[in-house]
Amino acid sequence: QVQLVESGGGLVQAGGSLRLSCSASGLIFSSYCMGWFRQAPGKEREFVATVGWGGVATYYADSVKGRFTISRDNAKNTVYLQMNSLKPEDTAVYYCAAAQTSSRRDVRTLANEYGYWGQGTQVTVSS
């Protein structure tokens, strides 16, 4: 079965950095667009970043553009989210997700376009 396992969350001070990883199994990783979403307490899940299966096409939410970088290593079946200049408003549970696409340049920004989800990892940014 498909499994997505996130890691790398934790507690960090404002201005600090974290690198999230998501390891995938049970799917042909190089055929899937990968995305990161987050959900803060009392809020809806929101899109953060996505990368096409070719690893070149990316797209970011305006709130993280210039601070976060998404990347993937198809040889390791892993997608990463490098988060710099973290702010307290970045505090949330971060989820990775996989969406099967037909083109290496296709990216997805809507949660309902993703068929597989990880269990999430908590990121807490203190002020």
Side-chain angles (χ1 to χ4, degrees):
Q1 70 278 20
V2 175
Q3 281 193 314
L4 302 177
V5 180
E6 302 97 335
S7 61
L11 173 64
V12 64
Q13 287 189 331
S17 298
L18 281 175
R19 188 196 196 202
L20 304 184
S21 300
C22 172
S23 178
S25 61
L27 51 73
I28 301 175
F29 185 74
S30 57
S31 296
Y32 283 76
C33 160
M34 299 299 294
W36 286 96
F37 290 76
R38 66 187 182 187
Q39 188 166 18
K43 295 188 176 181
E44 293 187 352
R45 189 170 298 191
E46 65 173 357
F47 166 77
V48 175
T50 181
V51 58
W53 52 261
V56 176
T58 58
Y59 191 81
Y60 297 90
D62 287 344
S63 59
V64 306
K65 202 172 295 182
R67 299 188 298 122
F68 290 10
T69 302
I70 189 170
S71 62
R72 65 189 294 159
D73 185 337
N74 287 347
K76 296 182 178 180
N77 284 8
T78 301
V79 61
Y80 306 97
L81 185 69
Q82 178 66 44
M83 305 185 295
N84 298 330
S85 302
L86 283 161
K87 305 175 181 179
E89 51 263 43
D90 294 318
T91 295
V93 177
Y94 283 71
Y95 299 89
C96 75
Q100 193 167 22
T101 57
S102 57
S103 167
R104 62 175 54 237
R105 295 186 181 278
D106 280 350
V107 293
R108 298 285 185 266
T109 62
L110 300 179
N112 61 14
E113 295 179 297
Y114 287 81
Y116 301 105
W117 292 82
Q119 82 290 345
T121 186
Q122 176 70 47
V123 171
T124 303
V125 184
S126 63
S127 56

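The shortest non-hydrogen separation linking Val79 to Ser71 is CG2-O, 3.1 Å. Closest non-hydrogen pair, Ser21 versus Thr78, comes out as CB-CG2, 4.3 Å. Here the closest heavy-atom approach between residue Phe29 and residue Asp73 is recorded as CE2-O, 4.0 Å. Nearest heavy atoms, Tyr32 versus Ala98: CD2-CB, 3.8 Å. Tyr60 approaches Ile70 most closely through the heavy-atom pair OH-N, 2.9 Å. Closest approach of Thr109 and Phe47 over heavy atoms only: O-CB, 3.4 Å.
Looking at heavy atoms from C-beta onward, Thr50 lies in side-chain contact with Tyr114 at the 4.5 angstrom threshold.
Screening Asn112, Leu110, Asp106 for a side-chain contact (heavy atoms from CB on, under 4.5 Å) with Arg108, the sole residue that qualifies is Asp106.
A side chain to side chain donor-acceptor pair (under 3.5 Å) check over residues 82-92, counting only residues at least two apart or in different chains, returns the pairs Ser17-Asn84, Arg38-Asp90, Arg67-Asp90, Gln82-Asn84.
Within 6.0 Å of the NZ atom in Lys65, the count of heavy atoms belonging to other residues, nucleotides or ligands exceeds 12.
With hydrogens and angles ignored, the 3.5 Å screen pairs a side-chain donor or acceptor of Arg72 with a backbone N or O of Gly52. Side chain of Glu6 to main chain of Leu20: no donor-acceptor pair is present (N/O by atom type, distance under 3.5 Å, no hydrogens or angles). Side chain of Thr121 to main chain of Gly9: a donor-acceptor pair is present (N/O by atom type, distance under 3.5 Å, no hydrogens or angles).
Under the 6.0 Å distance and 45° angle rule, Arg19 counts as a cation-pi partner of Tyr80.
Between Trp117 and Tyr95, the ring planes are perpendicular. Angles over 60° get that label, and only those under 30° would be called parallel.
Under the rule for a disulfide (SG to SG under 2.5 Å), Cys33 has no partner lying at least two apart in sequence or in another chain. When the side-chain contact (heavy atoms from CB on, under 4.5 Å) test is applied to Val12, the partners found at least two apart in sequence or on another chain are Leu18, Leu86, Val125.
In the hydrophobic cluster analysis, where Ile, Leu, Val, Met, Phe, Trp and Tyr join through side-chain heavy atoms closer than 4.5 angstrom, Leu4 is grouped together with Leu81. Linking Ile, Leu, Val, Met, Phe, Trp and Tyr residues whenever their side-chain heavy atoms come within less than 4.5 Å places Met34 and Val2 in a single cluster. Trp53 and Val48 are assigned to two separate hydrophobic clusters, defined by single-linkage of ILVMFWY side chains at heavy-atom distances under 4.5 Å.
Atom CZ of Phe68 is separated from atom OG1 of Thr58 by 14.5 Å, given to the nearest 0.5 angstrom. The distance from atom SG of Cys96 to atom CZ of Phe37, rounded to the nearest 0.5 Å, is 10.5 Å.
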